[in-house]
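Each residue takes its place number in the sequence, starting with 1.
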Amino acid sequence: MVKIREAIVVEGKYDKNTLRQLVDAPVFTTEGFGVMNDRTKLELLRRVAQERGLIILTDSDGAGFVIRNYLKGALPKDRVRHAYIPDIPGKEKRKAAPGKEGKLGVEGMTREILLDALHRAGATFEGESAPEAGTPITKTDLYELGLTGRPDSQAKRLALLKQLELPAHLSANAMLEVLNVLFSREAFFSLLET
């Protein structure tokens, strides 16, 4: 079990159970969409974010992105990090059938995928030093690569998201944010060259 400085927020109790087996960190749930109507829980998440930082780790389906985007607007941006899991088709062991979009959620991810997602989000693992900030990837870079502002940009973004094993629900702006969390500028451009 690894110790992480930040707290983590997930959608439900099964996600929480999965993470509690991997990390020594406070894990909170949104109770699905419940956080949107629960001012007390939202205030708690704000306080936790201010005190120790917060990592949002939701499923990669449409519902997960609705919850993530709600929290993104409601919590202090400088105290929140975003961890993303890849789009992997399947169903969780406890379920009789896959979810609406047929993707595994947080509870269905392997230990390696979850720890990698937390690392890539910039979680502070005990015994590791924080990564140095480099030159960010910009909107201009995305435009010059044809990922925005062109008739075929959406198709190119979807292909890149698939190649990088990132959720297909990312908008161009969200994709830029995720790319800057996951890659240095140099690593991103060298990845595109291969």
Side-chain angles (χ1 to χ4, degrees), residues 8-23 25 27-38 41 45 54-75 80-123 142 145-148 150-183 188 191-192 194:
I8 303 168
V9 63
V10 294
E11 292 179 51
K13 66 182 180 181
Y14 295 104
D15 300 332
K16 180 177 181 174
N17 290 342
T18 298
L19 276 177
R20 295 295 293 142
Q21 294 173 40
L22 303 177
V23 297
V27 181
F28 298 91
T29 64
T30 65
E31 307 302 328
F33 293 114
V35 72
M36 295 177 180
N37 297 315
D38 188 341
K41 177 158 285 203
L45 293 176
L54 189 67
I55 298 171
I56 298 173
L57 178 60
T58 59
D59 295 349
S60 61
D61 61 6
F65 272 81
V66 169
I67 294 166
R68 179 185 298 277
N69 288 331
Y70 174 78
L71 293 175
K72 187 188 267 188
L75 299 172
V80 175
R81 296 173 188 251
H82 295 270
Y84 295 89
I85 59 172
D87 283 343
I88 298 177
K91 72 169 192 68
E92 282 78 15
K93 292 177 185 175
R94 69 177 176 85
K95 295 181 179 177
K100 186 176 176 182
E101 295 182 33
K103 300 175 186 178
L104 288 175
V106 169
E107 73 173 279
M109 294 291 133
T110 65
R111 169 186 175 85
E112 293 76 22
I113 289 172
L114 291 172
L115 291 176
D116 183 55
L118 293 169
H119 265 287
R120 296 188 329 168
L142 296 185
L145 292 167
L147 295 167
T148 61
R150 311 241 170 86
D152 61 345
S153 293
Q154 184 177 11
K156 285 185 175 183
R157 280 195 310 275
L158 285 173
L160 179 62
L161 291 170
K162 184 174 179 122
Q163 175 190 347
L164 299 176
E165 296 183 330
L166 292 171
H169 286 282
L170 292 174
S171 67
N173 285 336
M175 184 181 81
L176 177 63
E177 181 180 318
V178 172
L179 291 174
N180 276 308
V181 165
L182 301 179
F183 303 100
F188 175 65
L191 177 77
L192 294 178
T194 58

Ignoring hydrogens, what is the shortest heavy-atom contact between [X] and [Y]? Give both atom names and the distance.
{"X": "S153", "Y": "G146", "result": "OG-O, 3.0 Å"}
{"X": "A168", "Y": "L158", "result": "O-CD2, 3.8 Å"}
{"X": "T30", "Y": "G32", "result": "OG1-O, 2.8 Å"}
{"X": "A174", "Y": "L170", "result": "CB-CD2, 3.9 Å"}
{"X": "I85", "Y": "T58", "result": "CG1-O, 4.0 Å"}
{"X": "G102", "Y": "P98", "result": "CA-CB, 3.9 Å"}

Next on the checklist: So L161 and M175, do their side chains get closer than 4.5 Å, heavy atoms only?
Outcome noted: yes
If only atom types and distance count, is the side chain of [X] paired as donor or acceptor with the main-chain N or O of [Y] below 3.5 Å?
{"X": "D61", "Y": "E101", "answer": "no"}
{"X": "K72", "Y": "V80", "answer": "no"}
{"X": "T29", "Y": "E11", "answer": "no"}

Next on the checklist: Tell me every residue that passes salt bridge (charged side-chain N to carboxylate O under 4.0 Å, His left out) with D38, counting only those two or more places apart in sequence or in another chain.
Outcome noted: none
Checklist outcome for this item: With sequence neighbours left out, the residues meeting salt bridge (charged side-chain N to carboxylate O under 4.0 Å, His left out) with K162 are none
Next on the checklist: One pair to check against side-chain contact (heavy atoms from CB on, under 4.5 Å): L176 and L147. What are the steps and the verdict?
Outcome noted: CA-CA 10 Å; L176 177 63; L147 295 167; over 6 Å; no
Distance (rounded to the nearest 0.5 Å) between [X] [atom1] and [Y] [atom2]:
{"X": "L22", "Y": "I8", "atom1": "CG", "atom2": "CD1", "value": "9.0 Å"}
{"X": "H169", "Y": "N69", "atom1": "NE2", "atom2": "CG", "value": "11.0 Å"}
{"X": "I56", "Y": "H82", "atom1": "CD1", "atom2": "NE2", "value": "4.5 Å"}
{"X": "D116", "Y": "R111", "atom1": "CG", "atom2": "CZ", "value": "12.5 Å"}

For [X], all residues meeting side chain to side chain contact (heavy atoms under 4.5 Å, CB included), sequence neighbours excluded:
{"X": "N173", "value": "K139, S171"}
{"X": "A172", "value": "T148, R157"}
{"X": "I113", "value": "P86, I88, M109, T110"}
{"X": "D152", "value": "R150, K156"}

Item to check | Derivation and outcome, side-chain contact (heavy atoms from CB on, under 4.5 Å), residues R68 and Y84 | outcome: CA-CA 10 Å; R68 179 185 298 277; Y84 295 89; 3.5 Å; yes
Checklist entry - Given E107, which of K93, R94, K16, R20 fulfils the salt bridge (charged side-chain N to carboxylate O under 4.0 Å, His left out) condition? => result R94
Next on the checklist: Does L179 form a side-chain contact (heavy atoms from CB on, under 4.5 Å) with L142? I'd like the steps, not just the answer.
Outcome noted: CA-CA 10 Å; L179 291 174; L142 296 185; 4.1 Å; yes
Checklist entry - Considering the options V106, D15, V23, which one meets the side-chain contact (heavy atoms from CB on, under 4.5 Å) requirement together with L114? => result V106
Item to check | CA sep, side-chain torsions, deciding dist, call: L145, F188, side-chain contact (heavy atoms from CB on, under 4.5 Å) | outcome: CA-CA 12 Å; L145 292 167; F188 175 65; 3.7 Å; yes
